Protein chains: 2
Amino acid sequence: MNAPALTKNQALVFEVLERADGPLSAYTILDKLRDHGFRAPLQVYRALEKLLEYGVVHRLESINAFVACAHPEQNCHSHGIVAFAICESCGHVLEFHDHEVDHRLMNWTRGKKFKAEKTTIEIRGLCEACAA
Amino acid sequence: MNAPALTKNQALVFEVLERADGPLSAYTILDKLRDHGFRAPLQVYRALEKLLEYGVVHRLESINAFVACAHPEQNCHSHGIVAFAICESCGHVLEFHDHEVDHRLMNWTRGKKFKAEKTTIEIRGLCEACAA
DNA sequence: ATCGCACACGTTATAGCATAACGCAATTGA
DNA sequence: TCAATTGCGTTATGCTATAACGTGTGCGAT
């Protein structure tokens with residue numbers, strides 16, 4: 001899915017996520033956009049829904065938060081599975097792709113005749129700076 | 001962490017999860033245990049916290065639900081990373097372990113000097129029966 | 001024995017995350 | 001022009017999780 005021009009709300013939400021130096025919850029985004037007229041959670045969730053669809057934003061399931069894609073230039077959906085390392089201290093997120101991991105998981109699901117739609121890989125821990 | 005004898009509440013929660021044929025939310029567990037005197041979410045969450053610690057229950061982050069471990073006989077924590085395939089139609093969960101996947105992820109985090117604490121791999125899709 | 005501690009438990013209240021349902025406005029294309 | 005689609009705003013609600021307080025029980029150390 002390629003990203004068409006963003007609507008006003010989508011652009012606002014995306015900018016907030018891009019400027020943030022870590023993942024944000026939907027309600028945090030809402031608070032940051034109150035000055036721009038945002039009043040209700042749905043305004044955020046609806047924008048996020050589209051941004052996720054376009055592949056320019058990721059949802060971190062394990063912490064109920066959202067983060068801008070690390071390489072906005074390319075469509076992230078074409079990279080296969082995305083894995084995240086999330087620092088539980090400072091909140092920073094590392095993003096990476098590994099085709100071998102994809103293969104192993106896909107081989108397994110294929111063997112089980114399971115039709116995979118969406119895969120989540122999230123590693124929580126401490127980043128280099130925080131582990132010191 | 002090996003499982004000591006379970007307390008009454010822990011045993012009740014664990015039995016509910018074992019009998020269920022799929023993951024359950026904390027509040028669903030609560031409802032199933034009202035007849036046994038459960039009145040508040042914390043009674044469930046506190047039991048779950050211990051069961052997770054003992055490795056006999058898994059939390060599925062992507063659907064906010066809990067499931068009994070598929071091989072209760074062995075300590076699941078000793079198997080390395082656990083991956084789940086979750087059917088979005090019938091709710092059934094397949095559980096598996098792959099040391100090669102573990103390796104790839106650990107190599108990557110080591111390269112980034114990231115200290116991994118807890119890793120989540122969840123594949124949502126359709127199981128064999130539901131995909132037909 | 002009893003004091004102190006750790007732990008499980010119960011209760012009330014609250015915080016945090018997400019969506020349902022309604023209606024309106026703008027756009028598009030048959 | 002009409003119908004369908006999409007985005008938007010609002011109110012209300014539901015689901016998920018934890019804070020904070022107090023009680024009781026078992027058990028080891030003094």
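By convention in this document, chain letters (A, B, ...) are assigned in the order of the sequence lines, proteins followed by strands, and residues within each chain are numbered from 1. For clarity, every value in this text was computed on a predicted model and none was experimentally measured. Hydrogens, waters and symmetry mates are skipped; everything else that's a heavy atom, side chains included, is used.
Where Pro41(A) and Arg46(A) meet DNA chain D, the nucleotide closest to each residue was compared, and Arg46(A) sits on the side nearer the 5' end.
The separation between Glu49(B) atom CD and dC9(C) atom P is 12 Å, rounded to whole Å. Counting to the nearest Å, the C1' atom of dG16(C) and the CG atom of Leu30(A) are 12 Å from each other. Atom CZ in Phe38(B) sits about 11 Å away from atom P in dT11(C), given to the nearest Å. Going from atom CG of Asn9(B) over to atom C1' of dG24(D) covers 14 Å, rounded to whole Å. In this structure, Glu61(B) places its CD atom 14 Å from P of dT16(D), rounding to the nearest Å. Spacing between atom CZ of Phe66(B) and atom P of dT16(D) amounts to 10 Å, rounded to whole angstrom units.
Closest to the Gln10(B) side chain, of the nucleotides dT10(D), dG7(D), dC9(C), is dC9(C). With dT18(D), dA8(C), dC8(D) as the candidates, the nucleotide lying closest to the side chain of Leu42(B) is dT18(D). Nearest to the side-chain atoms of Arg39(B) among the listed nucleotides dC9(C), dT11(C), dT11(D) stands dT11(C).
In this structure, Tyr45(B) and Tyr27(B) have perpendicular ring planes: the angle between them is above 60°, well past the 30° mark.
Under 4.0 angstrom from either OP1 or OP2 of dC8(D) there lies at least one side-chain N or O belonging to Thr7(A). Residue Ser25(A) places at least one side-chain N or O closer than 4.0 Å to OP1 or OP2 of dC17(C). Contact annotation: Asn64(A) does not reach the phosphate of dG16(C) (side-chain N/O to OP1 or OP2, under 4.0 Å). Note on Arg59(A): every side-chain N or O is 4.0 Å or more away from OP1 and OP2 of dC17(C). Between dC8(D) and Gln43(A), no contact under 4.0 Å exists linking OP1 or OP2 to a side-chain N or O. Here Lys8(B) does not reach the OP1 or OP2 of dC9(C): none of its side-chain N or O atoms lies under 4.0 Å away.
Going from atom CZ of Arg124(B) over to atom OG of Ser89(B) covers 15.0 Å, rounded to the nearest 0.5 Å.
Taking the 5.5 Å centre cut-off and the 30° plane limit, the aromatic side chain of Tyr45(A) is not classed as stacked on dT19(C).
Note on Glu49(A) versus Arg46(A): no salt bridge recorded, every NZ/NE/NH1/NH2 to OD/OE distance being 4.0 Å or above.
One cannot find a donor-acceptor pair under 3.5 Å joining the base of dA15(C) and the side-chain atoms of Tyr27(A).
Side-chain atoms of Arg110(B) and Asn107(B) form a donor-acceptor pair, as typed in the model, at a separation below 3.5 Å. In this structure, a donor-acceptor pair under 3.5 Å is absent between the side chains of Glu122(A) and Thr120(B).
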